[in-house]
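Written below as structure tokens is the structure these notes are about.
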Amino acid sequence: LPLSLLNAAQNKPMLVELKNGETFNGHLVNCDNFMNITLKEVYQTNPDGDRFWKLKECYIRGSTIKYIRIPENLLDVVKDEQNRAREVGRSNARGAHVGNRGVLLTGRGAPMRGRGGRGAPMRGGRGRGRGM
């Protein structure tokens with residue numbers, strides 16, 4: 001949910017507080033999987049809150065972020081979208097399974113052959129043993 005929430009918050013106003021106490025108020029331009037974000041029209045405040053800077057754009061490394069405050073209604077919108085997507089996924093999963101010409105695919109994507117999935121059909125069980 002957090003990354004999908006950030007992606008939905010693009011071009012929306014947000015407040016970002018860093019671990020060192022600095023705050024940034026601006027509009028989200030972009031974010032990535034590491035939660036690195038780019039803001040535009042930014043007001044930066046020092047940790048004491050007594051100095052301000054206006055920046056055209058700034059980049060914030062995700063590992064320095066303490067928290068992000070976004071508009072409240074955005075959370076409801078993203079939850080609704082995810083629930084709709086989940087319902088669509090469930091309704092599509094209820095259909096008949098279409099195989100690949102009878103070949104069963106394993107978790108790694110390689111087709112299973114025979115009963116063991118190792119190439120040639122299996123003969124015997126666990127091997128011949130040592131004969132002791």
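These figures come from a predicted structure and were not determined experimentally.
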Could you go step by step and tell me if Thr45 and Glu22 meet the side chain to side chain donor-acceptor pair (under 3.5 Å) rule? CA-CA 6 Å; Thr45 308; Glu22 291 182 355; over 6 Å; no
Identify the heavy atoms of Pro71 and Pro13 that sit nearest to each other, and give their distance. CD-O, 3.3 Å
ILVMFWY cluster, Leu55 and Leu28 together (side-chain gap under 4.5 Å): yes
Would you say Leu6 and Leu75 are hydrophobically clustered, going by side-chain heavy atoms of ILVMFWY under 4.5 Å? yes
Drop me the distance from Leu5's CG to Lys79's NZ, to the nearest 0.5 angstrom. 9.5 Å
Provide the closest heavy-atom pair for Leu18 versus Phe24 in the form atom of the first, atom of the second, distance. CD1-CE1, 3.4 Å
Rounding to 0.5 Å, atoms CD (Glu81) and CG (Asp76) come to a distance of 11.5 Å
If I take atom CD1 from residue Ile37 and atom CD1 from residue Ile60, how far apart are they, to the nearest 0.5 angstrom? 4.5 Å
Spell out, as yes or no, whether a donor-acceptor pair under 3.5 Å connects the side chain of Asn46 to the backbone of Asp50. yes
Just by modelled atom types, is the Ser63 backbone N or O under 3.5 Å from a matching donor or acceptor in the Lys19 side chain? yes
Minimum-distance pair of heavy atoms, taken over all atoms of Ile70 and Met14: CG2-CE, 3.6 Å
Derivation and outcome, side chain to side chain contact (heavy atoms under 4.5 Å, CB included), residues Asn7 and Gln10: CA-CA 6 Å; Asn7 287 326; Gln10 287 193 359; 4.3 Å; yes
Could you pull out the closest heavy-atom pair between Pro47 and Asn20, with the gap in Å? CG-O, 3.4 Å
CD of Glu17 to OG1 of Thr64: how many Å apart, nearest 0.5 Å? 11.0 Å
Which atoms form the tightest heavy-atom contact between Ala8 and Leu74, and what is the distance? O-CD1, 3.8 Å
Evaluate whether atom OH of Tyr59 has more than 12 neighbouring non-hydrogen atoms of other residues, nucleotides or ligands under 6.0 angstrom away. yes
Check the surroundings of atom CG in Asp48: do more than 12 heavy atoms from other residues, nucleotides or ligands lie under 6.0 Å from it? yes
ILVMFWY network linking Val29 to Leu39, side-chain heavy atoms under 4.5 angstrom: no
Quick one: closest heavy-atom pair of Asn36 and Gly62, and the distance? OD1-N, 2.6 Å
Apart from Leu15 itself, its cluster of hydrophobic side chains linked below 4.5 Å comprises Tyr67
Could you tell me if Gln44 and Thr23 have a donor-acceptor pair between their side chains, going purely by distance under 3.5 Å? no
Salt bridge (charged side-chain N to carboxylate O under 4.0 Å, His left out) with Glu57: which residues, sequence neighbours excluded? none
Go through it in stages, so that I can follow the logic: the residues are Val16 and Ile65, the test is side chain to side chain contact (heavy atoms under 4.5 Å, CB included), and I'd like the CA-CA distance, side-chain angles, deciding distance and then a yes or no. CA-CA 7 Å; Val16 179; Ile65 296 174; 4.0 Å; yes
